[in-house]
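Every chain is numbered from 1 and lettered A, B, ... according to where its sequence line falls, protein lines coming before strand lines.
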Amino acid sequence: MTALPPPSPKKLGLVIDLDTCVGCHACAVACKQWNAAGFAAPLTDEQPYGRDPVGVWFNRVHSYELAATDFDTPAHDPGAHDALGMSTSNTHACASTVPLAQLDAQPAMTLHFPRSCLHCETPACVTVCPTGASYKRAEDGIVLVDESKCIGCKLCSWACPYGAREYSAVEGVMKKCTLCVDRIYNEQLDEAERQPACVQACPTRARHFGDLGDPESKVSKLVAERGGVGLMPELGYEPVNRYLPPRPRRAGPVDEAQAPAEETLDANALPPVLRWLDRVLSR
Amino acid sequence: MNPAFSVIVFSTLSGTGYGLLALIALATLMQAAPARTLLVLLPIALALVTIGLLSSLAHLGKPQRAWRAFSQWRTSWLSREGVFAVATYVPAFALAAALLPQAIDGGGVATASRGNAWAMLAAALTLLGAIATVVCTAMIYASLKPVPAWRHALVLPGYLLFALLGGAAVLVAGLAVSGGAVGFWAALLALSALVALVIKPAYWRAIDASPLPLTRGDAVGLPQRDVRVFERPHTQGNFLTHEMGFVLARKHARRLRMIALVLFGAVPLLAVALALAWPASAPAALPFAAFAALIGTFVERWLFFAQARHLVALYY
Amino acid sequence: MREPELDLSPTPGDEVRTTTCYMCACRCGIKVWLQDGKIRYIQGNPAHPVNQGVLCAKGSAGIMQHYSPARLEKPMLRVGPRGSGEFREIEWDEALSIAAGWLGDIRARDPNELAFFTGRDQSQALTGWWAQQFGTINYAAHGGFCSVNMAAGGLYTLGGSFWEFGEPDWEHTKLLMLWGVAEDHDSNPIKLGLGKLKTRGAKIITVNPVRTGYGAIADEWIGIRPGTDGLFAFALIHELLRMDRIDLDYLVRYANAHWLVVRNEGGADDGLFARDEDDAPLCWNRATNAPARADAIDVQPAVVGEVTLPDGRRAVPVFQLVAERYLDPQYAPDAVSERCGIPAATIRRIARELADTAFEQAIELPIKWTDTHGRMHATMTGRPVAMHAMRGISAHSNGFHTCRALHLLQLLLGAVDTPGSFRYQPPFPKPIPPPNRPGRTRQPNGVLDAAPLGFVHGPEDLVVDEHGHPRRIDHAFSWAYPLSAHGMMHTVIRNAWAGDPQRIDTLMMFMANMGWNSSMNTAETIGWLTDKDEAGEYRIPRIIYADAYASETVAYADLVLPDTTYLERFDAISLLDRPISDADGAADAIRHPVFDPATQPGPSGAQRDVRGFQSVLIDIGARLGLPGLIDETGAPRYRDYADFLIRHERAPGVGLLAGWRGEDGTLEAKGAPNPQQLDRYIANGGFWRSEIPETARYYKMANRGYLDWAQRMGFLASGEPIVLQLYSETMQKFRLAAQGHGAHVPPPEHRERVATYFDPLPIWYEPFESAQVDDVDTRFPLSAITQRPMFMYHAWHAQNTWLRQIAARNWLYLHPDTGARFGVVDGQWIAVRSHIGEIRVQAKFASNVQPDTVWTWNAIGKRRGAWRLAKDAPEGREGFLLNHLISDITPRGDYANADPVTGQAAWFDLRVSIEPVAAADASAPQFAPIAFTGADNKPLRYGADLRRARALGDKS
Ligand SMILES: Nc1nc2c(c(=O)[nH]1)N[C@H]1C(S)=C(S)[C@@H](COP(=O)(O)OP(=O)(O)OC[C@H]3O[C@@H](n4cnc5c(=O)[nH]c(N)nc54)[C@H](O)[C@@H]3O)O[C@H]1N2
Ligand SMILES: Nc1nc2c(c(=O)[nH]1)N[C@H]1C(S)=C(S)[C@@H](COP(=O)(O)OP(=O)(O)OC[C@H]3O[C@@H](n4cnc5c(=O)[nH]c(N)nc54)[C@H](O)[C@@H]3O)O[C@H]1N2
Ligand code: SF4
Ligand code: SF4
Ligand code: SF4
Ligand code: SF4
Ligand code: SF4
Ligand SMILES: [Mo]
């Protein structure tokens with residue numbers, strides 16, 4: 001079972017638009033509530049009202065700061081003063097090896113980043129599993145845990161570089177994003193609702209669900225159009241989910257000469273309001 | 001990685017146990033140790049292995065389903081480890097059975113005498129089984145791409161070496177206590193301690209020198225951007241931060257490394273030297289060395305986890 | 001091995017109820033799926049106009065709110081001292097007769113001794129009316145500390161406002177400027193809208209000292225210094241005027257740019273509009289070189305040039321006053337740049353971008369429409385520049401004027417209610433100002449002449465005594481805060497304690513955590529709630545509080561009226577209150593019980609005995625015999641709130657709900673009560689919506705089609721066009737009064753203030769805290785503000801285990817450079833001081849903030865013991881409030897820490913210093929823990945039984 005099935009033509013997954021995500025956590029909580037009583041129920045919360053509340057979540061929303069990629073960012077952008085950490089410490093020095101000049105200049109930014117299972121094509125989380133509890137569906141590529149077989153060894157969570165596996169000590173078994181397998185084919189739901197809970201809830205509609213194996217699908221086209229990326233491809237897990245990178249920010253031409261033409265007021269003509277004296281207006 | 005007590009106990013004890021088992025088998029094949037001593041040590045080896053395995057069960061969320069872990073040997077090193085770990089009991093018991101008559105016989109050197117092909121087979125299989133188990137244990141870690149420190153080329157040799165070191169230490173201690181000759185085995189112990197003193201620091205230096213091969217920018221799909229954490233998804237901890245987010249302060253690491261080197265390296269070397277120079281001290285010095293090696297291995301294993309950074313830390 | 005067989009079509013539940021969310025005031029439509037009588041899950045209702053199927057984090061966490069261990073179970077009477085949290089449970093009968101007893105005495109003595117203040121879900125259409133029946137002027141909803149600057153600034157300028165009463169034209173706008181918005185009341189609509197803008201590639205500019213949330217996805221972030229937006233707006237206006245990039249045609253058609261203003265310095269008519277004998281404002285017709293009615297058509301109105309009126313007085317058009325003021329070099333980009341922290345070149349560029357988008361990229365929608373003059377237009381011209389603003393603008397003591405400045409900016413661009421611009425949501429626009437004035441006098445039957453809250457049109461409408469002193473306990477509608485249209489909840493507790501202007505007997509509050517996060521100066525407020533007089537009696541003699549949960553404020557009540565959860569009661573989201581309309585249609589909605597609370601055991605396991613507050617209020621009203629609440633026989637007129645919703649008529653044919661009126665339910669907006677009305681709502685998913693005719697969706701202030709429709713719907717009394725007020729004559733009336741003109745003049749101590757802040761054109765002034773604290777720039781060099789987290793609603797989500805896992809504590813965020821400046825390192829504990837106090841909290845670095853500003857999430861910090869959280873919960877240990885640093889009065893101590901026009905609380909004027917201190921394990925200050933029993937803290941396995949039941953069901 002933990003042997004991977006031959007690659008399926010159908011690769012269901014999510015496409016998350018980082019250019020649109022406002023970091024509202026709606027997807028995370030919608031996921032929590034659908035799944036809390038769903039296929040992988042319960043998503044146990046320990047110390048729910050205590051010192052260190054910790055629960056099982058299949059989707060978590062991170063927030064980051066992106067440093068500016070040049071030093072010409074408009075000065076009103078205080079975040080950019082600290083671009084590359086020049087002013088304070090070296091803890092946020094640029095880790096990129098690409099020479100700055102080769103990058104499109106980008107201002108400093110805040111980035112929200114929802115993280116859930118990427119339903120990888122060749123996921124080690126499945127192959128390391130000693131029991132066969134972890135498996136990848138042959139039909140659509142969804143990676144699932146069969147809780148009735150899981151021994152709770154946690155090895156699959158170590159094998160996932162994306163932090164997508166969630167162990168519950170109370171339940172003793174591993175849990176993870178199910179791609180809402182109990183929604184997307186659910187004949188008891190209206191057709192329009194057969195989509196993952198996180199996608200349905202997302203208030204900015206930054207999340208998209210579909211078949212990434214079909215180049216003609218809406219999600220595949222979106223990925224093509226927006227240059228969607230898979231995370232850490234060098235690891236060889238071949239994630240199915242795609243992230244659409246933030247679009248270049250437009251601050252407008254910094255150079256005043258490039259700006260739209262302006263009419264100037266003749267400072268010598270006093271008082272200046274008289275310019276409107278002969279204006280013919282009608283009502 | 002979170003240094004979970006049960007896992008470290010498991011890998012220390014069972015590593016030592018399989019090392020000992022392997023050396024017992026080797027001694028049998030080589031006819032290089034008294035059968036009686038080997039027969040006494042063999043249950044000790046199995047006990048170490050068993051306690052280790054039981055401890056690893058304690059690590060499981062659903063130990064009652066542990067039997068399922070034997071099913072996925074085609075892909076899973078953990079499954080393979082389970083299979084070999086349990087399978088090795090069979091030749092080990094056979095070996096015990098083969099050694100028994102000789103031990104009763106008068107405590108001579110264990111012999112896989114020509115007429116005793118079974119004993120020879122049992123010893124060979126025990127040896128192979130033990131090695132295979134340790135290899136599998138090592139490969140569980142060495143195959144995990146998300147933990148670069150565990151992918152290092154010295155991880156597999158390290159596991160084998162520490163099994164050898166631990167096994168030799170116990171074997172030598174056993175021989176010394178039972179008054180047997182320790183010469184060859186003590187040399188083996190000294191050699192493995194010496195090698196450990198070389199390769200472990202080399203490993204540590206290597207992992208210190210190589211930060212995670214990927215950046216936070218890679219992790220969020222923006223490899224060219226410099227990314228800092230602004231807010232975590234949850235202000236308190238979670239499974240990932242508890243399990244994968246463990247960080248050990250450099251200061252502590254340095255101290256623990258010194259302690260480990262002394263315990264698994266210096267103490268056994270000194271003990272061997274002492275035992276050779278002043279044989280009367282052997283029955284005390286060598287068991288002490290075995291004990292030190294065990295504790296040293298434990299610390300080393302603890303560091304193996306505590307210092308390994310999981311890629312998921314990039315997100316936090 | 002084969003793959004396990006999965007049930008891919010498990011039941012989503014046995015039944016689904018469609019109602020309205022109330023995890024926040026956005027009021028989205030939800031579908032609540034039930035399985036075995038428990039909530040299986042809650043989803044957004046795709047058919048609902050507000051959220052169109054999406055659901056925010058809070059909405060999704062509704063399950064944990066409904067089953068919260070902090071729910072109250074039964075009415076309670078205080079037994080321990082106030083604040084201890086020690087109560088005795090009592091029966092409803094006792095609770096209601098106690099309440100009726102207290103209130104009955106008050107009503108017989110002096111109804112104003114009841115101060116009735118409502119918080120979050122104001123239900124104002126009921127509560128305000130109830131207060132009116134009771135006869136107290138001391139009633140308000142919480143808008144006064146929330147965003148009344150936004151409401152009043154808009155209503156006195158446009159007859160509509162930002163807040164959730166207007167919206168950007170999400171379908172057409174090309175450039176959106178967001179001013180001081182973190183989350184807004186319109187949470188989901190804004191997010192849906194931003195998603196649309198992103199899809200269309202529109203540009204988004206955010207003006208905010210902090211770049212989180214919406215700012216994260218904006219194209220451009222203007223990291224402005226707090227409190228300086230007015231200056232920035234003026235500089236943009238300056239540039240537009242200088243470049244002559246303004247829509248003068250729009251301004252003379254829809255605004256009062258051409259109205260003549262009398263110039264008669266020192267005269268009683270100075271600054272008032274020149275009017276004809278019919279009181280109609282005049283303009284100067286260039287074609288005839290003579291005055292004409294300003295609303296005349298086929299005239300050529302002059303927009304500059306002083307003229308002499310036939311009676312000899314001099315007058316100038318409004319626009320000239322605008323141009324003169326804002327062309328002044330003090331508003332040039334270079335002059336404001338440093339104070340705002342925005343480079344002058346950026347200001348100039350943005351001004352050009354605004355103009356370019358409004359004029360060069362103007363759009364035409366092929367929609368025919370007729371204006372109020374009967375002129376037909378073949379198309380609708382759109383200025384695709386939209387703005388939206390919220391508390392970053394309004395929560396300052398200069399917020400009213402700043403809000404007006406933004407509207408002025410929009411108007412100069414011709415960008416109000418045109419395609420692509422800001423749009424009104426019905427029932428807006430309203431006449432400027434809206435017609436209803438605040439109630440002041442009692443009729444013989446004890447009922448107030450009007451609801452206590454309203455809109456002041458001039459000094460004569462103030463609620464002051466013969467000396468010009470405030471009559472209301474919150475001092476709203478006094479000379480100190482004349483246009484305080486929402487009342488001033490933030491002043492009630494201090495004034496009730498001080499007996500200023502009178503002693504009150506009972507403070508009744510509903511759904512407002514005034515003992516914690518919604519009061520300024522929390523520690524002192526708690527002191528006032530518990531202070532005793534010489535006789536040993538509480539200075540605020542009685543406190544009645546209706547809450548649904550064990551909040552901090554519950555501990556201060558003498559009588560606690562436990563409310564239901566939002567899934568257990570009827571509620572109305574009424575057009576008479578805070579409507580949920582969108583720019584294309586009017587809408588209202590109800591909430592209806594998904595559960596009977598008696599079937600929902602409480603945290604103790606006992607049956608909960610709670611009642612919807614609205615029904616309780618109606619019950620108390622009937623017990624008191626309040627006129628509107630009993631019938632001719634003296635019997636209760638309404639069974640409960642549901643009955644009230646159906647049968648109550650505000651005016652003949654007008655009730656709280658507009659849908660399915662008339663006996664057979666065929667009428668909209670106006671019509672006789674329909675006994676089946678609530679059933680019709682329920683059948684329709686809990687809401688009603690009526691589309692504005694297509695030709696009537698823009699230019700609503702002057703669109704014949706719209707005005708007729710709005711009149712038919714009862715939103716407007718007449719079909720008169722609404723002329724947008726660049727120049728506010730209402731303001732000028734107050735200024736004249738301050739100069740001694742007219743029958744109503746302010747007492748001397750208020751004159752200068754009124755004269756200064758009642759400028760008829762927007763002004764900017766230094767926020768009071770910065771202006772009045774000596775050496776503020778050296779002693780308190782930083783601004784400190786809060787922001788709404790998108791995943792939590794104020795205090796009340798602390799009890800929600802899913803949401804508290806996202807943030808169980810907060811930090812004070814500061815820029816790394818700021819840290820370096822003050823010797824603070826990341827993660828260090830710091831003392832944060834303001835002119836009134838000190839808190840000790842943990843700092844955290846983030847460079848997405850303007851370096852002279854520090855900030856934190858609002859209301860994460862909790863009092864220990866409250867919300868039944870463990871006593872060592874992070875909310876109480878490391879969490880903190882900035883409120884302890886925010887004074888409720890100005891540094892000078894003469895007025896509330898509020899806007900001088902509207903009385904809006906100036907939360908964001910706060911100035912602080914920071915200094916590293918020794919590490920601590922808890923933030924300071926800490927208060928004695930409240931003695932509520934802690935919640936069961938064993939692992940929560942919500943849903944386990946539902947899964948098990950499904951599995952069994954599948955097998956059988
Ligand atoms: N520092 C700082 N302070 C601020 C602000 C800020 O920006 N910064 N913002 C201010 C603003 S704008 C506002 S509006 C206030 C909000 O402050 P509050 O109005 O105090 O808001 P909440 O904390 O949500 O408290 C509302 C109360 O309603 C109760 N409640 C919840 N559900 C129900 C229910 O169904 N029925 C009843 N009867 N009660 C219920 C809750 O338990 C809680 O006690 O905070 C203000 N305080
Ligand atoms: N999730 C959630 N939603 C809510 C609420 C909630 O508690 N949680 N509360 C509801 C309530 S009661 C209200 S009143 C609304 C308020 O909705 P918002 O107005 O969106 O909320 P705030 O977080 O108060 O702050 C507004 C923003 O103003 C910025 N700001 C502060 N000072 C200035 C300034 O001088 N200039 C500018 N340009 N920006 C400034 C702050 O950084 C912040 O981003 O939200 C409502 N919606
Ligand atoms: S993201 Fe992680 S859990 Fe999901 S398939 Fe890939 S490796 Fe497995
Ligand atoms: S925890 Fe469960 S699913 Fe994961 S590897 Fe172990 S047995 Fe497999
Ligand atoms: S697809 Fe379903 S399970 Fe996965 S993150 Fe989204 S809601 Fe959660
Ligand atoms: S719901 Fe959408 S906008 Fe909100 S955090 Fe998730 S992906 Fe981002
Ligand atoms: S924004 Fe969220 S909490 Fe507020 S009403 Fe809508 S779904 Fe509910
Ligand atoms: Mo508010």
B:Leu144 to A:Trp158 - nearest heavy-atom pair and separation: CD1-CB, 3.8 Å
Any side-chain heavy atom of A:Pro130 within less than 4.5 Å of one from B:Trp73? no
How would you list, in number order, the residues of residues 308-316 of chain B that have a heavy atom less than 4.5 Å from chain A? B:His310, B:Leu311, B:Val312, B:Leu314, B:Tyr315, B:Tyr316
4.5 Å side-chain heavy-atom contact, B:Phe230 and A:Thr110: yes
Please rank A:Tyr237, A:Tyr162, A:Tyr64 by heavy-atom pairs under 4.5 Å with chain B and give me the top one. A:Tyr64
What's the shortest heavy-atom distance between A:Thr131 and B:Gln72, and which atoms? C-CG, 3.5 Å
Could you check if a side-chain atom of A:Leu66 sits within less than 4.5 angstrom of a side-chain atom of B:Asp226, using non-hydrogen atoms only? no
A side-chain contact here means heavy atoms from C-beta on lying under 4.5 Å apart; do A:Lys149 and B:Ser71 qualify? no
Do the side chain of B:Arg65 and the main chain of A:Cys150 share a donor and acceptor less than 3.5 angstrom apart? yes
For the student: nearest non-hydrogen atoms of A:Pro245 and B:Leu222, plus distance: CB-CD2, 3.8 Å
In this structure, CZ of B:Arg225 is separated from OG1 of A:Thr69 (nearest 0.5 Å) by 5.0 Å
Can you tell me how far the CZ atom of B:Phe239 sits from the OG atom of A:Ser168, to the nearest 0.5 Å? 10.0 Å
Side chain to side chain, B:His242 and A:Tyr167, heavy atoms closer than 4.5 Å: no
I'd like to know if the side chain of B:His234 pairs up with that of A:Arg60 as donor and acceptor (distance under 3.5 Å, no hydrogens or angles considered). yes
So which of A:Gly230, A:Pro114, A:Cys160, A:Pro246 has the biggest tally of heavy-atom pairs under 4.5 Å with chain B? A:Cys160
So which part of B:Ala219 gets closer than 4.5 Å to some heavy atom of chain A, the side chain, the backbone, both or neither? both
Would you indicate whether the side-chain heavy atoms of B:Thr75 and A:Val128 approach each other to under 4.5 Å? no
Heavy-atom side-chain proximity of A:Glu234 to B:Leu214 below 4.5 angstrom: yes
Ordered numerically, the heavy-atom neighbours of chain A under 4.5 Å found in residues 78-85 of chain B are B:Leu78, B:Ser79
Could you list which of residues 3-15 of chain B have a heavy atom closer than 4.5 Å to any heavy atom of chain A, in residue-number order? none
Can you tell me if B:Lys62 uses its side chain to pair, donor with acceptor, with the backbone of A:Glu171 under 3.5 Å? yes
Does the side chain of B:Val229 come within less than 4.5 Å of A:Glu65's, by heavy atoms? no
Check whether A:Arg115 gets within reach of chain B through its side chain, its backbone, both or neither, counting any heavy atom under 4.5 Å. side chain
Quick check for you: among A:His112, A:Arg51, A:His62, which has the greatest number of heavy-atom pairs under 4.5 Å with chain B? A:His62
Portion of A:Glu147 that has a non-hydrogen atom of chain B nearer than 4.5 angstrom: backbone
Going from CZ on A:Arg165 to CD on B:Glu243, what distance comes out if it is rounded to the nearest 0.5 angstrom? 13.5 Å
So what's closer than 4.5 Å to chain A heavy atoms on B:Gln64: side chain, backbone, both or neither? neither
Using the ring pair (Phe, Tyr, Trp, His ring centres under 6.0 Å) criterion, which residues pair with B:Phe304? Sequence neighbours excluded. B:Tyr141, B:Trp150, B:Tyr159
Ignoring hydrogens, what is the shortest heavy-atom contact between B:Arg68 and A:Ser148? Give both atom names and the distance. NE-O, 3.7 Å
Identify which of A:Val61, A:Val54, A:Ile151, A:Val56 forms the greatest number of heavy-atom pairs closer than 4.5 Å to chain B. A:Ile151
Let me know if B:Leu60 has heavy atoms under 4.5 Å from chain A in its side chain, its backbone, both or neither. both
What residue, out of A:Cys129, A:Ala124, A:Ala164, A:Gly23, has the most heavy-atom pairs lying under 4.5 Å from chain B? A:Cys129
